[in-house]
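Structure first, then comments.
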Number of protein chains: 2
Amino acid sequence: MPAAARQNATSRTDPLPAATPPKRRAGRPASAVLDQAVITAAALRLIGKSGYDGLTMAALARSLDVAPSALYNHVTSKRDVLVLVEDHLAALVDVSAFGREPWNEAVRRWAWSYRDVFSKHTPLIPVIAVLPVTDAPQTLAMYETVSAGLRKAGFPEERIISSIVALESFIFGSAFDVTAPADIFDPGSMAESTPNFTAAVQSLAEQGHEKPADIAFSLGLEALISGLGALRN
Amino acid sequence: MPAAARQNATSRTDPLPAATPPKRRAGRPASAVLDQAVITAAALRLIGKSGYDGLTMAALARSLDVAPSALYNHVTSKRDVLVLVEDHLAALVDVSAFGREPWNEAVRRWAWSYRDVFSKHTPLIPVIAVLPVTDAPQTLAMYETVSAGLRKAGFPEERIISSIVALESFIFGSAFDVTAPADIFDPGSMAESTPNFTAAVQSLAEQGHEKPADIAFSLGLEALISGLGALRN
DNA sequence: TTTCCTAAATGAATGGCATTCATTTAGTGG
DNA sequence: CCACTAAATGAATGCCATTCATTTAGGAAA
């Protein structure tokens, strides 16, 4: 049957001849297409292109030219994918200043780097914040470096974790700020009923040429560093 | 037809006689069933019962005995519902110490209250953090009170907003910690490769009888309060 | 060499979700 | 009394994550 004739066929019960490009078939291939590293890389690519809204199991599978269900052979849930991404990002956080610089400078660099990395990935924060370290080796490695640095700086052992948690909490919260719209503090029609707030916003706007989120981060970070440092041995 | 016979009916093409309770019909009722206050209250009830996973437009409508589409006459999106809830919660944050207590004590009470309220509502944090204040009058009122308090305490005008943002960032981050599992820092099989971290975790566990999240919050908050306070006029 | 086992894929199906839209209706303001 | 409109309905759309029975390729065991 010529192609022209086929166009006019009104009923066909036989399976369509595969006009689509040769799909991989089921079954064990020479070497498996998927593994966690491949999935992580694809997820990062997808997030970079379409943001976290674009990160769906379906889109992820599509980008790997694979059925969505295939992902579940390597990952137990979408949350798992997020954990993989998170741990990958943790390795990008710069802890190199520990052991090279004084403790307070090392913390400063670490904190800025940490904030910068995760401000581009704020949807991960609710996941990280409650994630057992066991599930994220790179993250754990980061904690180890920071712990060693604080210990060497004379932080009392029993206050090391709390100090890290306090810093990290501040960092996570600040990561959200980075993504806030510029006019977030515009009181609009409520300006008259909030004179103190309105004046403070105005004053900040006139003052700073730096980004507000950076000013606040610097302010809080320096306060934390000196406050925590005061409690060393 | 008796009930027993009806059970055996195998085919019925006639519409089922409405055995369901009398549904409201379309059209303008004597007084409208829905408004934003009603929706907010229902959302809070639902969140209390089923958590944020249970807060869906469908479930919300169900709890109000209304069609899901009806909600969209009063709210433009699910995010809108979250904003309504958020602003309701902001009114629960205790700012009463401002004007009654010294500034540092007022900030302390405010911060603990703020953290406690939102630690039960962490899914709102990504929403709040980037929400223009215009859309949340109660939240704005809170900012006004805090701004006035800091101003009276001698904070330089241009640093008031940054100070609030820094505190708030820390509070939001800390709210997540409260919900973290108890064993979040258990290094598991990686203990040997992370000696400093493992020792620090161990030491904290032996020390504290307070909840770790509270210790870290207290530590960071006191550091922030004294650090920010040092910059007053 | 043949047979068996299993990892890794498929695709269909499930039951949800937020949101949109045309439609209906009951009060209200003119 | 009539026209208008706010506020409801229910059907439909196009997603989503996840599950499951099934298929098959390739290596291990016999």
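Worth saying up front: this structure is predicted, and the values here are computed from it rather than measured. The chains referred to below are lettered A, B, ... by the order of the sequence lines, with proteins before strands, and numbering in each begins at 1.
- Distance B:Lys78 NZ to C:dC17 P: 9 Å, rounded to the nearest Å.
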Exercise for review: Would you check, one step at a time, whether the test side chain to side chain contact (heavy atoms under 4.5 Å, CB included) holds for B:Ile161 with A:Phe197?
Suggested key: CA-CA 8 Å; B:Ile161 297 298; A:Phe197 176 74; 3.7 Å; yes
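- With hydrogens and angles ignored, a donor-acceptor pair under 3.5 angstrom links the side chain of A:Asn73 to the base of C:dA9.
- Across all their heavy atoms, A:Asp35 and A:His74 have their closest contact at CA-ND1, 3.8 Å.
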Practice item. Apply the test side chain to side chain contact (heavy atoms under 4.5 Å, CB included) to residues B:Val178 and B:Phe217: give CA-CA distance (whole Å), side-chain angles for both, the deciding distance (0.1 Å), then the verdict. Key: CA-CA 9 Å; B:Val178 176; B:Phe217 185 66; over 6 Å; no
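- In this structure, A:Arg62 and A:Thr76 both approach DNA chain D, and ranking their closest nucleotides by distance from the 5' end singles out A:Arg62.
- Atom CG of B:Leu71 is separated from atom P of C:dT20 by 13 Å (rounded to the nearest Å).
- For the side-chain contact (heavy atoms from CB on, under 4.5 Å) test with B:Leu71, the passing option among B:Asp80, B:Thr76, B:Leu60, B:Val81 is B:Leu60; the others fail.
- Picking from D:dT19, D:dA8, D:dT18 the nucleotide with the shortest atom distance to the side chain of A:Ser69 gives D:dT19.
- The B:Val66 side chain lies nearest to D:dT9 when the options are C:dT19, D:dA17, D:dT9.
- Look at CG on A:Leu55: it is 15 Å from C1' on D:dC15, rounded to the nearest Å.
- Look at CG on A:Asp53: it is 14 Å from P on D:dC15, rounded to the nearest Å.
- Look at CG on A:Leu34: it is 4 Å from P on C:dA9, rounded to the nearest Å.
- When rounded to the nearest whole Å, the span between CZ of A:Arg79 and P of D:dT18 equals 12 Å.
- Distance, B:Leu82 CG to C:dC17 C1': 14 Å, rounded to whole Å.
- Residue B:Thr56 places at least one side-chain N or O under 4.0 Å from the OP1 or OP2 atom of C:dC17.
- B:Val201 places none of its side-chain heavy atoms less than 4.5 Å from the side chain of A:Ile160.
- To the nearest angstrom, C1' of C:dA8 lies 11 Å from CD1 of A:Ile39.
- Candidate nucleotides D:dT19, C:dA18, C:dT10 were compared by shortest atom distance to the side chain of A:Tyr72, and D:dT19 ranks first.
- Taking 4.0 angstrom as the limit, B:His74 places none of its side-chain polar atoms (N or O) nearer than this to OP1 or OP2 of D:dA6.
- Among the nucleotides D:dA8, D:dT19, C:dT19, the one closest to the side chain of B:Ala70 is D:dA8.
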